[in-house]
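Only this structure's heavy atoms are used, side chains among them; waters, hydrogens and symmetry mates stay out. Along the sequence shown, residues are numbered consecutively beginning with 1.
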Amino acid sequence: MPERAVPHPIAFRAVMGALGLVQTVNGVWALFFPRSFYADFPPGRGGWVSVLPAYNEHLMTDVGGLFVATGVLLLVAAVRMERVLVATSLVVWLLFAVPHTVWHLFNLGPYHGSDLVGNVVSLALTVVLPGALLALLARGAPVGVSAGAAAGDGAARIRGVDRPRNPLLRYVYWQTRRRFGNVVEPVRVTAHHAPLLLGYGVFELVTERSHHMDERLKELAVLKASQLSGCEWCMDFGSALVRTKGIRDDEMRALLEYRESDLFSDDDKVVIEYAEAMTRTPVDVPDALFERLRARFDEAQLVELTSAIALENYRGRFNWALGIQSEGFSEGAYCVPPALAAKDAAAQA
């Protein structure tokens with residue numbers, strides 16, 4: 001399964017982007033103009049570095065390189081919003097910022113008035129804001145269904161395996177816990193049949209690592225299939241996942257009436273229509289629809305797209321039958337509703 005999305009991406013991008021931009025600009029300044037950085041930082045005022053003598057060009061260029069490296073790492077993480085990359089960049093930043101801040105807080109003697117306040121406030125923000133993001137990222141880990149709950153109060157109809165004895169299953173659990181913060185319920189339930197879980201896991205891994213098809217198009221099709229199947233777990237997980245592929249909340253809201261929406265391109269609409277046709281019971285993919293797909297995508301892309309949609313239908317029916325419900329992946333964010341429920345609500349409005 002793909003990584004879970006970073007929670008509150010706007011806040012993460014704002015803080016990490018701001019820190020990364022300032023750090024990169026300061027780093028380029030110190031790297032290429034070390035004497036100017038020493039004498040003139042902060043811009044328009046100067047004196048914050050030069051008040052702590054003596055000037056050392058080697059040290060200034062080293063600091064510049066460090067600033068550029070950490071700044072670029074933050075900016076890349078802010079753009080990509082991949083959970084592991086975001087966490088790594090925040091930890092790397094704090095490894096620099098915490099000792100830097102502590103040293104300055106114990107050496108404030110040369111500063112007075114607004115310079116003193118500016119130092120304390122700016123240094124504190126470089127630790128408090130990234131620390132808060134890291135804490136938010138940790139709290140944003142998936143919330144697992146209680147292993148001991150009985151059917152009917154939110155748990156699956158089959159109690160999941162808590163601690164598998166099979167070493168291979170233990171490895172699967174470790175990988176799942178590492179990526180999602182918990183062992184997700186479909187894995188825990190499938191663990192009752194070890195060969196099936198291992199085979200299914202390989203299929204999921206190969207699907208995740210296949211990139212012939214554009215990721216946005218593939219995830220749109222998969223999300224549409226989950227919406228049509230009405231699988232709570234799939235819609236919960238899928239709504240969080242597609243944000244990492246550049247799909248916005250307004251596009252998810254328009255998914256039900258995608259044909260009339262101007263938010264979707266022609267390629268978007270044809271893959272969504274294909275997912276719709278594949279998810280019907282019985283399956284009904286007209287020749288005309290497939291010819292439209294063939295005109296846009298090659299054979300490898302079509303096979304990958306078809307497999308991804310079929311896999312989502314498997315997930316939906318498996319989770320539906322065994323009562324596997326949502327686990328809070330989209331908690332606090334928009335989650336697509338099941339297609340039938342959304343149509344009924346619109347008809348009654």
Asks: Side chains of Ser229 and Trp320: any donor to acceptor distance under 3.5 Å?
Replies: no
Asks: Is the backbone of Ala321 close enough, under 3.5 Å, to the side chain of Arg157 for a donor and an acceptor to pair up by distance?
Replies: yes
Asks: Please check if the side chain of Gln227 supplies one atom and the backbone of Met235 the other of a donor-acceptor pair under 3.5 Å.
Replies: no
Asks: How long is the span from the CG atom in Leu66 to the CD atom in Gln23, to the nearest 0.5 Å?
Replies: 6.5 Å
Asks: Could you list the residues that satisfy ring-ring contact (aromatic ring centres under 6.0 Å, His included) with His212, not counting sequence neighbours?
Replies: none
Asks: Under a 4.5 Å cut-off applied to non-hydrogen side-chain atoms, are Leu293 and Phe290 in contact?
Replies: yes
Asks: Is there side-chain contact between Gln301 and Lys218, with heavy atoms separated by less than 4.5 Å?
Replies: no
Asks: Can Ser210 and Glu304 be counted as having a side-chain donor-acceptor contact under 3.5 angstrom?
Replies: no
Asks: What verdict does the salt bridge (Lys or Arg N to Asp or Glu O under 4.0 Å) test give for Glu204 and Arg315, after you've listed the backbone C-alpha separation in whole Å, the side-chain angles of each residue and the deciding distance to 0.1 Å?
Replies: CA-CA 11 Å; Glu204 284 278 8; Arg315 296 186 192 115; 2.8 Å; yes
Asks: Mind checking whether Phe237 and Trp233 have parallel, tilted or perpendicular rings, split at 30° and 60°?
Replies: parallel
Asks: Please check this pair: side chain of Glu327 against backbone of Glu185, looking for a donor-acceptor N/O pair closer than 3.5 Å.
Replies: yes
Asks: Not counting sequence neighbours, which residues clear salt bridge (charged side-chain N to carboxylate O under 4.0 Å, His left out) with Asp62? List them please.
Replies: none
Asks: So, using side-chain contact (heavy atoms from CB on, under 4.5 Å) as the criterion, who are the partners of Leu198 when residues are at least two apart?
Replies: Leu168, Leu169, Val172
Asks: Tell me if a side-chain donor or acceptor on Asn313 pairs with a main-chain N or O of Ile309 at a distance below 3.5 Å.
Replies: yes
Asks: Taking the side chain as every heavy atom from C-beta outward, state whether Leu31 and Phe67 have any pair of such atoms under 4.5 Å apart.
Replies: no
Asks: Are the side chain of Lys269 and the backbone of Arg259 linked by a donor-acceptor contact shorter than 3.5 Å?
Replies: yes
Asks: What is the distance from atom OG of Ser326 to atom CG of Asn319, rounded to the nearest 0.5 Å?
Replies: 11.0 Å
Asks: Quick one, Arg179 with Glu208, criterion salt bridge (Lys or Arg N to Asp or Glu O under 4.0 Å). Give me CA distance, side-chain angles, the key distance, then yes/no.
Replies: CA-CA 14 Å; Arg179 299 186 65 181; Glu208 177 188 345; 3.1 Å; yes
Asks: May I have all residue pairs that pass side chain to side chain donor-acceptor pair (under 3.5 Å) and include part of residues 107-118, sequence neighbours excluded?
Replies: Arg45-Ser114, Arg45-Asp115, Trp48-Asp115
Asks: What's the shortest heavy-atom distance between Pro34 and Met60, and which atoms?
Replies: CB-CB, 3.5 Å
Asks: Using modelled atom types and a 3.5 Å cut-off, is there a donor and acceptor pairing between side-chain atoms of Ser89 and backbone atoms of Leu85?
Replies: yes
Asks: So Tyr314 and Phe318, ring pair (Phe, Tyr, Trp, His ring centres under 6.0 Å) or not? Walk me through it.
Replies: CA-CA 6 Å; Tyr314 168 82; Phe318 182 91; 5.8 Å; yes
Asks: Hey, are the side chains of Val86 and Arg83 touching, using non-hydrogen atoms and a 4.5 Å cut-off?
Replies: no
Asks: Between Thr279 (side chain) and Glu276 (backbone), is there a donor-acceptor pair under 3.5 Å?
Replies: no
Asks: Quick check against the 3.5 Å criterion: does Thr190 have a side-chain atom that pairs as donor or acceptor with the backbone of Val187?
Replies: no
Asks: Give the cluster check for Ile158 versus Tyr173: same hydrophobic cluster or not, with ILVMFWY residues linked at side-chain heavy-atom distances below 4.5 Å.
Replies: yes
Asks: Please verify the inter-ring angle class for His100 with Phe96; under 30° counts as parallel, over 60° as perpendicular, anything in between as tilted.
Replies: parallel
Asks: What heavy-atom pair brings Arg317 and Thr281 nearest, and what distance separates the two atoms?
Replies: NH2-OG1, 3.5 Å
Asks: What I'd like to find out is whether the side chain of Met278 reaches to under 4.5 Å of the side chain of Thr306, using heavy atoms alone.
Replies: yes
Asks: Please say yes or no: joined through hydrophobic side-chain contacts below 4.5 Å, possibly via intermediate residues, are Leu94 and Val72 part of one cluster?
Replies: yes
Asks: Does Thr207 have any side-chain hydrogen bond (donor to acceptor under 3.5 Å, both in side chains) partners at least two apart in sequence or in another chain, and if so, which?
Replies: none
Asks: At what distance, to the nearest 0.5 angstrom, does CG of Leu263 lie from CZ of Arg253?
Replies: 11.0 Å
Asks: Okay, side chain of Asp236, backbone of Gly328: is any donor-acceptor separation there less than 3.5 Å?
Replies: yes
Asks: Could you walk me through whether Phe329 and Ser239 satisfy the side chain to side chain contact (heavy atoms under 4.5 Å, CB included) test, starting with their C-alpha distance in whole Å, then the side-chain angles of each, then the deciding distance to 0.1 Å, before giving a yes or no?
Replies: CA-CA 8 Å; Phe329 289 98; Ser239 297; over 6 Å; no
Asks: Can you list the residues that meet the ring-ring contact (aromatic ring centres under 6.0 Å, His included) rule with Tyr55, with sequence neighbours excluded?
Replies: Tyr38
Asks: Report the C-alpha separation of Asp214 and Arg216 in whole Å, then their side-chain angles, then the decisive distance to 0.1 Å, and conclude whether the salt bridge (Lys or Arg N to Asp or Glu O under 4.0 Å) test is met.
Replies: CA-CA 6 Å; Asp214 178 83; Arg216 169 189 161 82; 5.6 Å; no
Asks: Checking Arg170 against Asn166: is there a side-chain donor and acceptor pair closer than 3.5 Å?
Replies: no
Asks: For Arg292 and Glu273, run salt bridge (Lys or Arg N to Asp or Glu O under 4.0 Å): C-alpha distance rounded to whole Å, both residues' side-chain angles, the deciding distance at 0.1 Å, then the answer.
Replies: CA-CA 11 Å; Arg292 287 162 53 206; Glu273 185 179 350; 3.1 Å; yes
Asks: Hydrophobic clusters here meaning ILVMFWY residues chained together by side-chain heavy-atom distances under 4.5 Å, can you tell me if Tyr171 and Val202 are in one?
Replies: no
Asks: Would you confirm whether Asn182, through its side chain, and Val184, through its main-chain N or O, come within 3.5 Å as a donor-acceptor pair?
Replies: no
